[in-house]
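Below is one structure, written out as structure tokens; the observations come after it.
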Amino acid sequence: MLYLQIEIPKSKYSNCFRNEFAIPVLMIVGQNEFGCSNFLRRKRKWPQIPYKGRWQQTFNEQQAMETLKKTAILDESDSNPKTHILSTLINSFRLYGCDTNPSAYSFVISNLAQRSLFSQLPTVLDHLENIEKFETPERMFTDLIRSYGEAGMFQDAIDIFFRIPKFRCIPSASSLNSLLLVLCKKRESLVLVYDVLMRSLEMKIRLEDSTFHLLVKALCRYGKMSSAIEILNLMEDHGCIPDSKMYSMILSSLCKHAGSVEVLHFLEEMLNAGFTPNGSEYVGVVTILVKEGRAKDAFDVLNRMKREGVKPDIVSYTSVLNGFFSVGDFQKGEQVFDEMLVMGLVPDPFTYSVYINGLCKQNNFEGALKMLVSMEEVGCRPDVVTYNVLITAFCKVGDVGKARELVGKMHLQGLQGNLHTYRILIDGLLSAGDVVAAFGVLVEMLNRGFVPRSSTFSSMVCGLCVCCLPHDALQVLEEMVKRSVAPEARAWEALLLSSSFSPSCTETLLDLEGLTAAN
DNA sequence: ATAGGGTTAG
């Protein structure tokens, strides 16, 4: 049915309806059983025609709702409305001679919640509970619980949930879920979940897959992994079946929040349940094994992937490669690298950085530089990390000349150094005793907005003092204080010693020390 | 289908 609202002059038809507003009259157009003219002619006969009674009742209820909504809107602009919205609700429906209905209460409750007028809710709810006779739709409570949650009123959310039966409504998993979602929003309210679940079971609410799903999701988010697994195992008792998504969530979260033992154990459980992790979930497993120095086990997982029909990608190979190199098993690393190529995988800058780092660790600098050239030859552009790896290696062996050369090469390729580049280079130059060059790089670093570590700053101060440049040293110290980096004791000592000949320096120094102490 | 997941330093 298509409805069209038009305004009819009040004087002519004001007896149609008991409405003090300008009355919008519903004209029915298109296909309907009344027709426009019938509608107006038969208006007085409606009460006598029983089969049209329902239509009229609906119509009156609509009119009452309109009045209620209009008044509510008027009240919204009024900062201090005179009447309680419950009175408006009752009056609007009384005006049209019809009974209040669930939609009216839904409107009033969501209206109050939207306007954060929670203090008015108890009156409305009491009336709904004690005076009304209709069965309240559960939807009203799920919405209200969500609103309480958004307002941080967790206890009210809990209270209304347990009060649902008093409103002639049988609570199901949907209102339980809405309450659980509220309680899972904050870590502190998680402790209330258990009690709510127990009481829900007493109320004979049937837990659904969705209930377990949201609980597992929340527990994973907070890293409460043993609880998440416990919930997963509880599902069967309630006639629910975990899906692959839940296993995936737990596996990925375990990689973040637990150790490799738990991860491997759960991986077995997941596979036994008939679910296969996807590529990135496997990467997580490989990565945690590598992080714990279990390169061999990581490699086993790689082979496990192949057996499960998941092709290991460049990321998992790079991780395993890194695993073998970081435990010093270079032979196995080389083997993995070759296997990766055989598998048709194309190394990317990550892979090359790891590989070059491995070569450097073996002191094979020639090989590392060759690798840099060959990656470029195959069209893989080295990135900042690739250069940082090489710069670190050359700084470590004291070849700062080569390190600076690499920085130059990097710049030529349009690559800017990052925070690490500067830290590595300055530390390297200072260890090599090239204080002046280090000072130059430090100035550039500060100009680019990077903040050196306290140790770098302090070494710089000491270095400048040794070179009899106390004024520059003092300047560096000032820059530190400006950036809230606390100087190490050796920096103060070096400066105090070297500035003992210059009273003005000492004065500035004491001021700075006071400033630092105040911080 | 996509991206992101994997690298240095400490």
Side-chain angles (χ1 to χ4, degrees), chain A residues 248-249 251-257 260 263 267 277-295 297-299 301-302 305 310-327 330 333 336-337 339-340 343 345-362 365 368-369 371-372 375 380-397 402-403 406-407 410 415-431 441 445 450-459 485 488:
Chain A
S248 294
M249 275 193 297
L251 184 66
S252 319
S253 304
L254 277 173
C255 292
K256 275 197 208 109
H257 301 288
S260 63
V263 169
L267 174 65
N278 67 20
S280 46
E281 284 151 18
Y282 264 121
V283 167
V285 178
V286 168
T287 306
I288 192 161
L289 288 165
V290 167
K291 273 198 184 120
E292 292 184 15
R294 299 175 61 177
D297 294 322
F299 189 56
V301 170
L302 214 66
M305 285 172 81
V310 182
K311 189 187 167 188
D313 63 1
I314 191 68
V315 179
S316 25
Y317 266 105
T318 305
S319 191
V320 172
L321 182 69
N322 181 43
F324 281 123
F325 281 159
S326 41
V327 295
F330 300 110
V336 167
F337 188 75
E339 183 186 306
M340 183 187 74
M343 294 271 291
L345 293 169
V346 182
D348 64 10
F350 274 78
T351 322
Y352 280 112
S353 298
V354 168
Y355 194 65
I356 290 173
N357 191 37
L359 293 170
C360 290
K361 273 181 149 180
Q362 298 171 77
F365 301 108
L369 288 172
M371 191 52 72
L372 180 70
M375 73 183 276
C380 181
R381 284 175 63 100
D383 63 12
V384 184
V385 178
T386 320
Y387 279 105
N388 284 353
V389 164
L390 283 162
I391 294 164
T392 309
F394 283 109
C395 281
K396 241 178 213 161
V397 294
K402 191 68 196 167
L406 281 160
V407 174
M410 187 174 76
L415 276 174
Q416 293 264 37
N418 63 13
L419 176 67
H420 294 303
T421 320
Y422 285 107
R423 285 181 173 178
I424 296 160
L425 191 60
I426 296 170
D427 288 346
L429 287 167
L430 286 172
S431 315
V441 179
M445 180 181 186
F450 295 121
V451 181
R453 281 188 304 253
S454 177
S455 68
T456 304
F457 258 136
S458 303
S459 303
V485 179
E488 292 173 2

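Chain identifiers are assigned alphabetically (A, B, ...) following the order of the sequence lines, protein sequences preceding nucleic acid strands; residue numbering begins at 1 within each chain. Heavy-atom basis, side chains included; hydrogens, waters and symmetry copies ignored. These numbers were taken from a predicted model, which means no experiment stands behind them.
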Rounded to the Å, how far apart are [X] [atom1] and [N] [atom2]?
{"X": "D348(A)", "N": "dG4(B)", "atom1": "CG", "atom2": "P", "answer": "13 Å"}
{"X": "R294(A)", "N": "dG6(B)", "atom1": "CZ", "atom2": "P", "answer": "19 Å"}
{"X": "D383(A)", "N": "dT8(B)", "atom1": "CG", "atom2": "C1'", "answer": "10 Å"}
{"X": "R381(A)", "N": "dT7(B)", "atom1": "CZ", "atom2": "P", "answer": "23 Å"}
{"X": "I391(A)", "N": "dT7(B)", "atom1": "CD1", "atom2": "C1'", "answer": "15 Å"}
{"X": "N388(A)", "N": "dT8(B)", "atom1": "CG", "atom2": "C1'", "answer": "6 Å"}
{"X": "R423(A)", "N": "dG10(B)", "atom1": "CZ", "atom2": "C1'", "answer": "9 Å"}
{"X": "K361(A)", "N": "dT8(B)", "atom1": "NZ", "atom2": "C1'", "answer": "11 Å"}

Out of P277(A), S316(A), C255(A), which one pairs with V285(A) under the side-chain contact (heavy atoms from CB on, under 4.5 Å) rule?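 So, applying the side-chain contact (heavy atoms from CB on, under 4.5 Å) to V285(A) and each of P277(A), S316(A), C255(A), only C255(A) qualifies.
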Is [X] touching bases, backbone alone, or none of the nucleic acid, heavy atoms closer than 4.0 Å?
{"X": "K396(A)", "value": "sugar-phosphate"}
{"X": "T386(A)", "value": "nothing"}
{"X": "V385(A)", "value": "base"}
{"X": "L419(A)", "value": "nothing"}
{"X": "S280(A)", "value": "base"}

Spatial distance of atom CG (D348(A)) from atom CZ (R381(A)) [nearest 0.5 Å]: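 It is 14.5 Å, given to the nearest 0.5 Å.
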Inter-residue atom distance S319(A).OG - I288(A).CD1, 0.5 Å rounding: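 Result: 11.0 Å between the selected atoms.
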Side chain of [X] only, heavy atoms from C-beta on: which candidate in [options] is closest?
{"X": "D313(A)", "options": "dA9(B), dG5(B), dT7(B)", "value": "dG5(B)"}
{"X": "S353(A)", "options": "dT7(B), dG6(B), dA9(B)", "value": "dT7(B)"}
{"X": "R453(A)", "options": "dG10(B), dT7(B), dG6(B)", "value": "dG10(B)"}

Expected output: side-chain E292(A) to main-chain S260(A) donor-acceptor under 3.5 Å: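 The answer is yes, because a donor-acceptor pair under 3.5 Å joins these two groups.
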base_contact_polar (dG6(B) base, T318(A) side chain, donor-acceptor, <3.5 Å):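 When only heavy-atom distances are counted, T318(A) does reach the base of dG6(B) through a donor-acceptor pair under 3.5 Å.
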Verify the ring-centre separation between F325(A) and F330(A): is it less than 6.0 angstrom?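 For F330(A) and F325(A), the ring centres are under 6.0 Å apart.
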Any N322(A) side-chain N or O less than 4.0 Å from OP1/OP2 of dT7(B):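 Yes, because at least one side-chain N or O of N322(A) sits under 4.0 Å from OP1 or OP2 of dT7(B).
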